[in-house]
Amino acid sequence: MQSKPTKTKTALHPKGQPLIARSEEEVKQFLTKLFDINSAAGTLHVEQPFNFPWQKERRYLDYRFNTEEGQVTAYITTDRKTGHVYNVSLSTNEEQKKQSARITEEQAFTVARDFLETYADSSTTELELQQNVFEESEISSWVDKSKLPEMTDDQNGTYPFYFIKLHQGIPVQDHSYHVSIDKQTGKVVSSSLSTPAEKVELPDSQNIVTKEHALATFIKHKPLKLKYIWPWYMEQQASAPLLVYTWDNSNAFDYVDALTGEYIKEPVDREDE
């Protein structure tokens, strides 16, 4: 079994309700509302980052909530200035995760979609659901199939859903969402609302160069190179290295500007330039 990525477009009618927690008290109230836990039966801590120079002006605050009996732990990350909630998750005892699912993946998806319709940015009207579907696929001849582990779609007792915003049908790389639904309760147990810090105007995709033009430009500036590789698959290594043609992306991020057709080469780590 091997996972195969699938992508499905999903229409959304967002209410744009903000997720805000500006203080420890508001964090407790938020966790109680979202996870239905009694905030009075535990303690909330502000996680202290490592004392690195670049973290003195850190944008985020990390909180951890633990119930007194130690059966429930919740984490939440907020914007230090605005209180905007970026990530939140709930962890419970492992025994509950060994039970068979009580809700279907379709039911869980409805819960996740409703959650996003409430809290996603108001400009997010179309999403792309990105999932890995486990199915039979061809495997290289050097792999010993008898030694392969059994693959399942179980994700520690949750149904995880990963979305990315679409603009004019095109994925927006830094505008994504993640929602996980508990297979037992059908409730949200983790979410990540990764949206840009500032509102930006995305380029119009109506007047762009063709894919053929972009491909020709890319290949012209990015010739293939020979490289020895030694493949791995599921903790198995091929009996010998392979000699292959490939592109070298170790030193730069290369692309073709869709508006101008210009080839662009940018350093991987811009701070080092």
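Numbers here are sequence positions counted from 1.
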Enquirer: Has Trp142 got a side-chain atom pairing as donor or acceptor with Gln237's backbone, closer than 3.5 angstrom?
Expert: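 Answer holds: no.
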
Enquirer: Could you go through Val85 and Phe30, starting from their C-alpha distance and side-chain angles, then the distance that decides it, and tell me whether this counts as side-chain contact (heavy atoms from CB on, under 4.5 Å)?
Expert: CA-CA 10 Å; Val85 176; Phe30 173 78; 4.2 Å; yes

Enquirer: Kindly give the heavy-atom pair with the smallest separation between Thr78 and Gly83, and that separation in Å.
Expert: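 Reported closest heavy-atom pair: CB-O, 4.0 Å.
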
Enquirer: Does Val72 reach the side chain of Ser91, with side-chain heavy atoms less than 4.5 Å apart?
Expert: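 They are not in contact (no side-chain heavy atoms under 4.5 Å apart), so the answer is no.
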
Enquirer: Can you list the residues that meet the side-chain contact (heavy atoms from CB on, under 4.5 Å) rule with Val111, with sequence neighbours excluded?
Expert: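 Ile181, Val188.
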
Enquirer: Determine, for Tyr263 and Lys222, whether the Lys NZ or Arg CZ falls below 6.0 Å from the six-membered ring centre while staying within 45 degrees of the axis.
Expert: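 Lys222 over Tyr263 ring: no.
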
Enquirer: Please walk me through it: do Thr125 and Leu12 pass side-chain contact (heavy atoms from CB on, under 4.5 Å)?
Expert: CA-CA 5 Å; Thr125 57; Leu12 208 66; 5.6 Å; no

Enquirer: How close do Ala74 and Leu90 get, counting heavy atoms only, and between which atoms?
Expert: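 Shortest heavy-atom contact: CB-CD1, 4.2 Å.
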
Enquirer: Return the set of residues passing side-chain hydrogen bond (donor to acceptor under 3.5 Å, both in side chains) with Tyr60 (not counting sequence neighbours), or none when no residue passes.
Expert: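 Expected list: none.
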
Enquirer: Considering non-hydrogen atoms only, spot the tightest contact between Thr118 and Lys15 and give its length.
Expert: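 Thr118 and Lys15 have their closest heavy atoms at O-CB, 3.9 Å.
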
Enquirer: The test is side-chain contact (heavy atoms from CB on, under 4.5 Å); show your working for Leu224 and Trp247 and say whether it passes.
Expert: CA-CA 5 Å; Leu224 291 170; Trp247 282 294; 3.8 Å; yes

Enquirer: Are Tyr255 and Phe253 an aromatic pair by the rule of ring centers under 6.0 Å?
Expert: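 For Tyr255 and Phe253, the ring centres are under 6.0 Å apart.
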
Enquirer: Determine whether Leu116 and Leu193 make a side-chain contact, defined as any pair of heavy atoms from C-beta on separated by less than 4.5 Å.
Expert: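 Side-chain contact under 4.5 Å: yes.
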
Enquirer: I need the Thr110 OG1 to Phe115 CZ distance, nearest 0.5 Å.
Expert: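 Between atom OG1 of Thr110 and atom CZ of Phe115 there are 15.0 Å.
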
Enquirer: Hey, does Ile229 have a side-chain heavy atom less than 4.5 Å from the side chain of Lys227?
Expert: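 They are in side-chain contact.
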
Enquirer: Quick one: sort the His84 and Tyr86 rings into parallel, tilted or perpendicular, breaks at 30° and 60°.
Expert: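 Answer is perpendicular, since the angle exceeds 60°.
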
Enquirer: Going by atom type alone, with no hydrogens or angles, which donor-acceptor pairs under 3.5 Å involve a side-chain atom of residues 165-172 and a protein atom two or more places apart or on another chain?
Expert:
{"unit_1": "Lys165", "atom_1": "NZ", "unit_2": "Ser123", "atom_2": "OG", "d": "2.9"}
{"unit_1": "Gln168", "atom_1": "OE1", "unit_2": "Ser205", "atom_2": "N", "d": "2.8"}
{"unit_1": "Gln168", "atom_1": "OE1", "unit_2": "Ser205", "atom_2": "OG", "d": "2.6"}
{"unit_1": "Gln168", "atom_1": "NE2", "unit_2": "Asp204", "atom_2": "OD1", "d": "3.3"}

Enquirer: Partners of Arg102 by salt bridge (Lys or Arg N to Asp or Glu O under 4.0 Å), sequence neighbours excluded?
Expert: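 Testing Arg102 for salt bridge (Lys or Arg N to Asp or Glu O under 4.0 Å), a comparison that skips the adjacent residues, returns none.
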
Enquirer: Can you sort out the partners of Lys81 under side-chain contact (heavy atoms from CB on, under 4.5 Å), two or more places apart, ordered by chain and number?
Expert: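 Residues passing side-chain contact (heavy atoms from CB on, under 4.5 Å) with Lys81: Asp79.
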
Enquirer: So Leu226 and Tyr245, do their side chains get closer than 4.5 Å, heavy atoms only?
Expert: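 Contact flag for Tyr245/Leu226 side chains = yes.
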
Enquirer: Please list, chain by chain and in numerical order, all residues satisfying salt bridge (Lys or Arg N to Asp or Glu O under 4.0 Å) with Asp114, sequence neighbours excluded.
Expert: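 With sequence neighbours excluded, Asp114 shows a salt bridge (Lys or Arg N to Asp or Glu O under 4.0 Å) to no residue whatsoever.
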
Enquirer: Is Tyr119 linked to Ile164 within one hydrophobic cluster, defined over Ile, Leu, Val, Met, Phe, Trp and Tyr using a side-chain heavy-atom separation of less than 4.5 Å?
Expert: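 Unlinked, Tyr119 and Ile164 end up in two clusters.
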
Enquirer: Nearest 0.5 Å, what's the CZ-NE2 distance between Phe65 and His45?
Expert: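 The distance works out to 9.5 Å.
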
Enquirer: Is it true that His178 and Ser176 share a donor-acceptor pair across their side chains at a distance under 3.5 Å?
Expert: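 Not at all, the side chains of Ser176 and His178 share no donor-acceptor pair under 3.5 Å.
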
Enquirer: Is a side-chain donor or acceptor of Ser140 paired with a backbone partner of Val143 at a separation under 3.5 angstrom?
Expert: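 It does not hold such a pair.
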
Enquirer: If you round to the nearest 0.5 Å, how far is CG of Leu61 from CZ of Arg80?
Expert: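 Taking CZ in Arg80 and CG in Leu61, the distance rounds to 4.0 Å.
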
Enquirer: For the side chain of Glu117 and the backbone of His13, is there at least one donor-acceptor N/O pair under 3.5 Å apart?
Expert: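 Yes: the side chain of Glu117 pairs with the backbone of His13.
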
Enquirer: Cut-off 3.5 Å, side chains only: do Tyr177 and Thr124 have a donor facing an acceptor?
Expert: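 Yes.
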
Enquirer: Would you check if the side chain of Thr260 reaches a backbone N or O of Glu262 as a donor-acceptor pair within less than 3.5 Å?
Expert: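 Such a contact is found between Thr260 side chain and Glu262 backbone.
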
Enquirer: Does Leu44 belong to the same Ile/Leu/Val/Met/Phe/Trp/Tyr cluster as Phe35, with side-chain heavy atoms less than 4.5 Å apart forming each link?
Expert: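 Yes; Phe35 is reachable from Leu44 via cluster members.
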
Enquirer: What are the two closest heavy atoms between Ser122 and Pro14, and how far apart are they?
Expert: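 Result for this residue pair: O-CG, 3.5 Å.
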
Enquirer: Would you compute the distance between atom CG of Leu34 and atom OG of Ser191 and round it to the nearest 0.5 angstrom?
Expert: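 Result: 6.5 Å between the selected atoms.
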
Enquirer: State plainly whether one hydrophobic cluster holds both Val88 and Tyr162, where clusters connect Ile, Leu, Val, Met, Phe, Trp and Tyr through side-chain heavy atoms under 4.5 angstrom apart.
Expert: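 Val88 does not cluster with Tyr162.
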
Enquirer: Identify the two heavy atoms, one from Ile103 and one from Ala108, that lie closest to each other, and give their separation to 0.1 Å.
Expert: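 Scanning both residues completely, I find the closest heavy atoms to be CD1-CB, 4.0 Å.
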
Enquirer: Would you confirm whether Gln184, through its side chain, and Ser100, through its main-chain N or O, come within 3.5 Å as a donor-acceptor pair?
Expert: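 Here the side-chain-to-backbone pair exists.
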
Enquirer: Step by step, work out the side-chain contact (heavy atoms from CB on, under 4.5 Å) result for Glu24 and Val46.
Expert: CA-CA 8 Å; Glu24 292 188 23; Val46 179; 3.5 Å; yes

Enquirer: Will you find, in the side chains of Asp182 and Thr158, an N or O donor that is under 3.5 Å from an N or O acceptor?
Expert: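 Short answer, no.
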
Enquirer: Looking only at non-hydrogen atoms, find the nearest pair between Leu259 and Asn207 and report the distance.
Expert: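 Between these two residues, the closest heavy atoms are CD2-O, 4.0 Å.
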
Enquirer: Step through it carefully: locate the ring centre of Phe161, locate the ring centre of Phe109, and say whether they are under 6.0 Å apart.
Expert: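 Judged by ring-centre distance (under 6.0 Å), Phe161 and Phe109 do meet the cut-off.
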
Enquirer: Any luck finding a side-chain donor-acceptor pair between Asp62 and Thr77 under 3.5 Å?
Expert: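 A pair is found: one side chain offers a donor N or O, the other an acceptor, under 3.5 Å apart.
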
Enquirer: State, without any angle test, whether Gln107 and Tyr159 hold a side-chain donor-acceptor pair at a distance under 3.5 Å.
Expert: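 Note: Gln107 and Tyr159 side chains miss the donor-acceptor criterion.
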
Enquirer: State whether the number of non-hydrogen atoms from other residues, nucleotides or ligands found under 6.0 Å of Lys145 atom NZ is greater than 12.
Expert: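 Count over threshold, so yes.
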
Enquirer: Starting from Ile76, can I reach Leu19 by hopping between I/L/V/M/F/W/Y residues whose side chains sit under 4.5 Å apart?
Expert: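 Yes, Leu19 connects to Ile76 through the hydrophobic network.
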
Enquirer: Between atom NZ of Lys147 and atom OH of Tyr233, what is the distance when rounded to the nearest 0.5 Å?
Expert: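 Going from NZ on Lys147 over to OH on Tyr233, the span is 15.0 Å.
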
Enquirer: Going by heavy atoms in the side chains, are Asp144 and Gln236 under 4.5 Å from each other?
Expert: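 The answer is yes; the side chains approach within 4.5 Å.
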
Enquirer: Output the distance between atom OG1 (Thr43) and atom CZ (Arg64), rounded to the nearest 0.5 Å.
Expert: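 Going from OG1 on Thr43 over to CZ on Arg64, the span is 7.5 Å.
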
